[in-house]
Amino acid sequence: MTDDSMNRFEQEHLKRWWETTRYYLLADMESLPGAAVETEDGWSPPQTDSRGGRKKFIARVRGRLLRSIGHVEQDNPLRELASAFQQQIAFIARHPDVPRRLLSWLAQNDDCGLQRRVRMLIANYVGRLARIIARAKQQGLVRADVQPSAAAISLVGVIQGLVLRIPAAPQWREWFLREAAEVFALYRAGLAVSSD
């Protein structure tokens, strides 16, 4: 890619990022439920008081997460990867308790079945990301030495790291969205083909 095409890509990326996150950046804490409605996020987590409720919760998250990475391939896999990341970040901004709950279940030793379900959810997500990265590699959009599976695991690690660093401050959404944009830019730069 030339510098000009990278600049256009950056502008398009920032425009889509703004469209995804503007309701949260401009909303105050009392109007956030309304912002979720405006963004047409009809997702509501089921109760997790029982084992069956936790299984249903994981199944719903899996459906929502994998739907964010559609089965339809886009012409530019890097845009598809950016879109998947943005959708995941927007979902976390709306529902921060969801990934924290999944990560806490993953850390618990008392329910191996629950841990296995969370691991399978993460593995399915990583698999979809890896396929996108593999297509980008085939098209010469990322470095030849990039291993798609390792790059996908790294991106999931980036997302998990962001979740674990969400501060308890009232303006955490603004911080989270800004930090996510910055770390994704660094992540994508790490994949980029060098322009010698």
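Heads up: numbering here begins at 1 and tracks the sequence. Side chains are part of it too, since the values below use all heavy atoms of this structure and drop only hydrogens, waters and symmetry mates.
Put simply, CD1 on I132 and OG on S83 are 8.5 Å apart, with the number rounded to the nearest 0.5 Å. The CG atom of L81 lies 10.0 Å from the CD atom of Q86; values are rounded to the nearest 0.5 Å. For the atom pair CG (L102) and CZ (R119), the distance works out to 13.0 Å, reported to the nearest 0.5 Å. Rounded to the nearest 0.5 angstrom, R173 CZ and R94 CZ are separated by 10.5 Å. Rounded to the nearest 0.5 Å, atoms CG (L155) and OH (Y125) are 6.5 Å apart.
Closest approach of K137 to A144, counting heavy atoms only: CE-O, 3.0 Å. Between W105 and I58, the shortest heavy-atom contact is CZ3-CG1, 3.8 Å. When all heavy atoms are compared, the tightest approach of F176 to L162 is CE1-CB, 3.7 Å. Counting all heavy atoms, side chain and backbone alike, R62 lies closest to L121 at CA-CD1, 3.2 Å.
Cluster annotation: V183 and W175 are assigned to the same hydrophobic cluster (Ile/Leu/Val/Met/Phe/Trp/Tyr, side-chain heavy-atom contacts under 4.5 Å, transitive). Hydrophobic clustering, with ILVMFWY side chains joined whenever heavy atoms are under 4.5 angstrom apart, keeps M120 apart from L114. When hydrophobic clusters are built by joining Ile, Leu, Val, Met, Phe, Trp and Tyr residues whose side-chain heavy atoms come closer than 4.5 Å, directly or via intermediates, L186 is not grouped with V156.
With sequence neighbours excluded, no residue forms a side-chain hydrogen bond (donor to acceptor under 3.5 Å, both in side chains) with Q147. Checked against side-chain hydrogen bond (donor to acceptor under 3.5 Å, both in side chains), R165 has the following partners two or more places apart in sequence or in another chain: E179. A search for side chain to side chain contact (heavy atoms under 4.5 Å, CB included) contacts involving D97 returns R101, not counting sequence neighbours. With sequence neighbours left out, the side chain to side chain contact (heavy atoms under 4.5 Å, CB included) criterion links P99 to I92, V163. With sequence neighbours left out, A152 forms a side chain to side chain contact (heavy atoms under 4.5 Å, CB included) with V126, L129, A130, I133. Every residue two or more places apart in sequence or in another chain that forms a salt bridge (Lys or Arg N to Asp or Glu O under 4.0 Å) with R143 is listed here: D145. With sequence neighbours left out, Q139 forms a side chain to side chain contact (heavy atoms under 4.5 Å, CB included) with P77, L141.
Using a 4.5 Å cut-off on side-chain heavy atoms (C-beta onward), F91 and V98 make contact.
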Test log, rule side-chain contact (heavy atoms from CB on, under 4.5 Å), inputs L78 and V142:
CA-CA 9 Å; L78 288 180; V142 299; 3.9 Å; yes

